[in-house]
Amino acid sequence: MASYTKKQILRIVEKENVHYVRLQFTDMLGVIKAVEIPVSKLDDALKGKIMFDGSSIEGFVRIKEADMYLKPDLDTFLILSFEDSQFGKVARLICDVYTPSGKPFKGDPRYILKRAIKNMRELNIKDMNVGFEPEFYLFKRDEKGEPTILADNGSYFDLAPIDNGNSLRREITLELERCGFVVQTAHHEVGPGQQEINFKYSDVLNACDNLQTFKYVVKAVARKHGYVASFMPKPIESLAGSGMHTNISLSDMDGNNMFYDEKDKMKLSSTCRLFIYGILKHARALTAITNPIVNSYKRLVTGYEAPCYACWSDANRSSMIRIPAVRGEATRAEIRSVDAYANPYLALAAIINTGIEGIKNPKNVTPIDPVYDNIFSLTREEREKQGIPNLPENLKDAIKEMKNDSIIKETFGDHTFSKYIEAKSLEWEEYRKIVTPWEYKKYI
């Protein structure tokens, strides 16, 4: 990521004919929000003087505490090339949310992640490196304007003409590169119309910022060509779901990978194991955050390679956490349960704090052996004998687990913890009252 000063940003804006600046932030549910200003107000924005009504944002404040300020992170300045128009270019700045008293708003997801990063630093952990692998479907609109027609009939690694999304995927990749992304791979996924584009890992805060930008670019470019790009975890019941495998590793203050140990049989450090044990101890509660919507649990079922059980392995893709074969500085853990509807700031903050609980208090976590069996083929009794718990089967059960998790409550803070549970409980209540087409067909 580039580093900017206020003077540099003002100079670039003038040189590049930028007319509008989008002050961007993320609400509790992971939705990108923004206040757009004309370039004439940019100087005020760079001084943190732009105010907005926080009472209108999910998970923020009550009516009597409505006024909030946006403080831009200068290093996130970006000209959105795909939004050029006859009125001039549009730029964006990702912002932190502040109260009128000049203090960070405790309910800002980005601030919650920064607090978790601070917890790592207190253990002489410099950062957590994160690489996301988001999957998405491309749809065409039907005669009613609804996105119901899959873009193609392709599958894993197919090319045109079977892969109808090839040219669109290439344009998305080019736009991402213009935005500073280092794109590593782009290919057709297993489902018809399903795509995956992977970009280079980064430190955890920048990785989360990049993911929000990535999703916005994908949707904007698709819309420009008449497609709808959806990160919905399970858009079609009979097809593969869309996940977002999340690769993580810790680095020490000298930048060395703390997950690698040359002397260990598996080449994994005790730090790596303890971090994994901490995550798995809280796996059922974490699922409410990494898989945050009703539809998330339609993906976490057997038969589609999505994990359903809380365990780890260095060779088993049916496990929740997998250790890829590569070792050395690239040693990492891949959390396979996460989907792209997760608020990345909240999800990674919770992953950090549950993981470092294992490092700080090793006596409070149970050592867990890697699993080499195909877990999907085991009976419930066989799984329980090996100490492999199920992940929650629905949002209600996940929220119930989260309510009783003190580490996640401490991570979120009282305000966001209660607001999140309230919002997700309402979502479940709304869903359970719906009579679905399946019920109508089955029972009418």
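Everything numeric in this text was worked out from a predicted model, so none of it was measured.
- Taking both residues in full, the closest heavy atoms of E393 and D397 are given as N-OD2, 4.4 Å, listed atom of the first, atom of the second, then distance.
- Annotation: the span from S296 atom OG to I289 atom CD1 amounts to 12.0 Å, rounded to 0.5 Å.
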*Please report the C-alpha distance between T148 and D142 in whole Å, then the side-chain angles of each, then the deciding distance to 0.1 Å, and finally whether the side chain to side chain donor-acceptor pair (under 3.5 Å) criterion is met.*
CA-CA 6 Å; T148 60; D142 60 23; 3.0 Å; yes

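- More than 12 heavy atoms of other shown residues, nucleotides or ligands fall within 6.0 angstrom of atom CD in E382.
- For the pairing with F231, the ring-ring contact (aromatic ring centres under 6.0 Å, His included) check across F136, Y341, Y137, Y216 returns one residue only, F136.
- Seen from the ring of Y304, K234 counts as a face-on cation partner, given the 6.0 Å and 45° thresholds.
- For E357 and K360, the salt-bridge test fails: no basic side-chain N is under 4.0 Å from an acidic carboxylate O.
- A distance-only check finds no donor-acceptor pair linking the side chain of D339 to the backbone of P233 [under 3.5 Å].
- Between K433 and E430 there is no salt bridge, since no side-chain N of the basic residue sits under 4.0 Å from a carboxylate O of the acidic one.
- Of all heavy-atom pairs between I399 and K424, the closest is CD1-CB, 3.4 Å.
- At a threshold of 4.0 Å, the pair D127-R121 counts as salt-bridged, since one of the basic side-chain nitrogens sits closer than that to a carboxylate oxygen.
- Salt-bridge check for D209 with R110: passed, with a basic side-chain N closer than 4.0 Å to an acidic carboxylate O.
- Counting all heavy atoms, side chain and backbone alike, P109 lies closest to Y345 at O-CB, 3.3 Å.
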*asked:* Please determine whether side chain to side chain donor-acceptor pair (under 3.5 Å) holds for the pair R115 and T411, giving the CA-CA distance in whole Å, both sets of side-chain angles, and the decisive distance to 0.1 Å.
replied: CA-CA 8 Å; R115 285 193 317 191; T411 299; over 6 Å; no

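- A salt bridge links D96 and K114; the closest N-O separation between the charged side-chain nitrogens and carboxylate oxygens is under 4.0 Å.
- No more than 12 heavy atoms of other residues, nucleotides or ligands sit less than 6.0 Å from atom NZ of K396.
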*Apply side chain to side chain donor-acceptor pair (under 3.5 Å) to the pair D252 and N124, showing each step before the final yes or no.*
CA-CA 6 Å; D252 64 21; N124 291 319; over 6 Å; no

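- Residues Y69 and F52 place their aromatic rings such that the two centres sit no closer than 6.0 Å.
- You'll find the ring centres of F139 and Y227 outside the 6.0 Å limit.
- Other residues, nucleotides and ligands contribute more than 12 heavy atoms inside 6.0 Å of the OH atom of Y277.
- Remark: aromatic rings of F105 and H415 are close, center separation under 6.0 Å.
- Judged by distance alone, the side chain of E189 and the main-chain N or O of E196 form no donor-acceptor pair under 3.5 Å.
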*Under the salt bridge (charged side-chain N to carboxylate O under 4.0 Å, His left out) rule, what do E175 and R178 come out as? Steps first, then yes or no, please.*
CA-CA 5 Å; E175 288 294 351; R178 291 188 187 104; 3.0 Å; yes

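- With respect to the salt-bridge test (charged N to carboxylate O, under 4.0 angstrom), the residues E262 and K267 qualify.
- The pair K144-E146 does not meet the salt-bridge criterion, since no charged nitrogen lies less than 4.0 angstrom from a carboxylate oxygen.
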